[in-house]
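Count residues from 1 along the sequence. Predicted, not measured: the structure shown is a model, and the values here were computed from it. Indexing begins at 1, ligand by ligand and atom by atom, following the structure's order. Quick note: numbers below take in every heavy atom, side chains included, and nothing from hydrogens, waters or symmetry partners.
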Amino acid sequence: MSATDSLATGPTSLTEYRALPSEELDLRIRRAKAALGKDLVILGHHYQRDDVIAHSDYRGDSLQLARIAANLREAKYIVFCGVHFMAETADILTSDDQMVILPDMNAGCSMADMADEQEVEECWEIITERFGESIIPVTYVNSAAAIKAFVGSRGGLTITSSNAARVFAHALEAKERILFLPDQHLGRNTGAACGIPLSRMCVYDPKEMLLEYPHGEADPRVILWKGHCSVHTKFEPRHVRQAREAYPGIRVLVHPECTYETVQLADENGSTDYIIRAVQNAPAGTKWAIGTEHNLVNRLAQEHPEQFIVSLNEMICPCLTMNRIDRPHLLWSLENIIAGTPQNQIRVSPNIAGAAKVAIERMLNIS
Ligand code: 13P
Ligand code: SF4
């Protein structure tokens with residue numbers, strides 16, 4: 001079947017898309033984009049596969065993609081090559097007549113899934129009973145829309161890894177303590193970057209429903225939800241030491257979802273956008289060991305042959321959910337839009353979207 005046949009007859013099943021040869025996938029994606037013109041924008045997170053990112057109109061980190069989505073006026077269809085919470089954020093920030101599509105509904109985020117709405121409510125009850133009204137809830141954008149809404153309706157806001165320190169400082173001016181969801185590592189690293197000692201950060205365990213004080217029971221300024229990223233926690237201090245032994249002079253650059261111990265040993269840490277800019281701005285001959293998702297590290301190595309770039313841990317698995325988005329799913333989504341049968345629309349219910357938008361906009365206004 002040729003690309004034009006498929007546009008005429010409508011999409012077949014995903015299984016058939018998976019069987020298409022590579023050149024046909026690229027050709028039909030390009031044709032579908034041309035057919036949809038200004039009605040379509042494809043957004044791609046930096047962790048996407050190369051062959052998907054090649055078709056994106058914009059690529060960025062989660063903050064940049066949220067900003068781009070908020071400013072899209074013409075596009076009727078926003079196909080989000082990223083994970084579920086990012087597509088939800090785009091839906092919240094776009095108008096009702098725009099449709100956000102996630103090419104594969106299985107592209108979630110295991111960290112975002114670690115904060116469940118009911119558990120967060122239980123936590124809030126426990127900590128407000130203990131600390132009264134002294135707490136502001138702050139959630140990483142890597143969380144479900146319902147968690148953003150929870151935070152927004154209690155005077156709180158969202159953060160991303162590229163504005164974390166600024167948002168933390170802002171939140172700590174408003175209240176004495178922060179409840180930070182759902183990534184304990186980003187929260188701990190950001191608290192430390194803001195000068196808060198580890199002894200003033202405790203951890204809330206949602207399964208045990210109790211507070212843990214790993215560094216002594218001092219009055220906490222940050223209450224960290226016990227969540228983590230299963231990709232970034234695989235970059236350990238021993239990998240930093242091994243990289244320095246193997247490649248003297250190498251700079252270690254990690255994402256702040258890595259553990260506190262790894263971040264402390266690294267030379268630099270920052271969001272995906274920060275990592276890209278650090279490499280782009282470095283002189284030829286710089287050596288890097290980078291602790292973040294493999295697709296981004298490999299792309300940086302290809303785009304910067306003048307520098308030496310390796311993964312801080314070659315043995316880790318990629319982010320499996322980010323990698324769910326592939327060209328067959330992308331093409332299937334685009335041809336379904338053309339056929340008038342769009343699939344996988346991400347629709348946040350209006351009662352959640354309103355409060356979640358408040359939390360996101362509070363962040364956008366200060367970053
Ligand atoms: P950024 O905010 O740096 O894009 O990271 C998102 C993410 O999911 C990191 O694991
Ligand atoms: Fe979620 Fe981690 Fe994947 Fe980022 S890398 S999308 S935090 S599981």
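- Judged by distance alone, the side chain of K148 and the main-chain N or O of V141 form a donor-acceptor pair under 3.5 Å.
- In summary, no N, O or S atom of C319 is located under 2.8 Å from atom 1 (Fe) of ligand 2.
- With hydrogens left out, the protein atom closest to atom 2 (O) of ligand 1 is S62 OG, 2.5 Å, a heavy atom.
- Looking only at heavy atoms of the protein, atom 2 (Fe) of ligand 2 is closest to C229 SG, 2.4 Å.
- With N295 as the fixed residue, the side-chain contact (heavy atoms from CB on, under 4.5 Å) test singles out one of D50, V52, L300, N323: N323.
- Using a 4.0 Å cut-off between charged side-chain N and carboxylate O, R244 and D267 make a salt bridge.
- Side chains of Y274 and E268: a donor on one and an acceptor on the other come within 3.5 Å.
- Ion pair K175/E133 not flagged as a salt bridge, since none of the NZ, NE, NH1 or NH2 atoms sits closer than 4.0 Å to an Asp/Glu carboxylate oxygen.
- Proximity of V358 to S153: side-chain heavy atoms (C-beta onward) are nowhere separated by under 4.5 Å.
- Ligand 1 lies nowhere less than 4.0 angstrom from a heavy atom belonging to M322.
- When G82, S110, G227, P182 are ranked by how near their heavy atoms come to atom 8 (S) of ligand 2, first place goes to S110.
- Contacts with ligand 1 closer than 4.0 Å are made by side-chain heavy atoms of E257 only, the backbone lying farther away.
- Salt-bridge formation is detected for the pair D219/R177: a Lys NZ or Arg NE/NH1/NH2 atom is positioned less than 4.0 Å from an Asp or Glu carboxylate oxygen.
- A 4.5 Å side-chain heavy-atom check between S56 and I53 finds at least one atom pair inside the cut-off.
- Between D61 and ligand 1, no N or O atom pair is found at a separation short of 3.5 Å.
- With ligand atoms numbered from 1 in the order given, ligand 1 contributes 1 (P), 2 (O), 3 (O) to contacts under 4.0 Å with heavy atoms of S161.
- In terms of N/O distances under 3.5 Å, ligand 1 is not approached by T160.
- Between H228 and H185, the ring planes lie perpendicular to each other; the angle is over 60°, past the 30° to 60° tilted range.
- At least one heavy atom of Y47 sits less than 4.0 Å from an atom of ligand 1.
- When only non-hydrogen protein atoms are considered, atom 1 (Fe) of ligand 2 lies nearest to C109 SG, 2.4 Å.
- The proximity of H255 to ligand 1, defined as any non-hydrogen pair under 4.0 Å, is limited to the side chain.
- Residue C229 places every heavy atom at 4.0 Å or more from ligand 1.
- Under the 4.0 angstrom criterion for non-hydrogen atoms, H232 is in contact with ligand 1.
- Checking side-chain atoms of D26 against main-chain N and O of E23 turns up no donor-acceptor pair under 3.5 Å.
- Less than 4.0 angstrom separates some heavy atom of H45 from each of these atoms of ligand 1: 1 (P), 4 (O), 5 (O), 6 (C).
- When all heavy atoms are compared, the tightest approach of T190 to L186 is OG1-O, 2.6 Å.
- At a heavy-atom cutoff of 4.0 Å, ligand 1 is contacted by the side chain of N142 but not by its backbone.
- For ligand 1, none of its N or O atoms has an N or O atom of D273 under 3.5 Å away.
- Each of the atoms 3 (O) of ligand 1 lies under 4.0 Å from some heavy atom of S271.
- Residue contact check: N142 has heavy atoms under 4.0 Å from atoms 7 (S) of ligand 2.
- When heavy-atom distances to ligand 1 are checked against a 4.0 Å cut-off, H46 has no atom that comes that close, whether in backbone or side chain.
- Proximity of E257 to ligand 2 is established by a heavy-atom distance of less than 4.0 Å.
- Looking only at distances, no side-chain donor or acceptor of E117 sits under 3.5 Å from a matching main-chain atom of A146.
- W225 has its side chain within reach of E119: a pair of non-hydrogen atoms, C-beta onward, lies under 4.5 Å apart.
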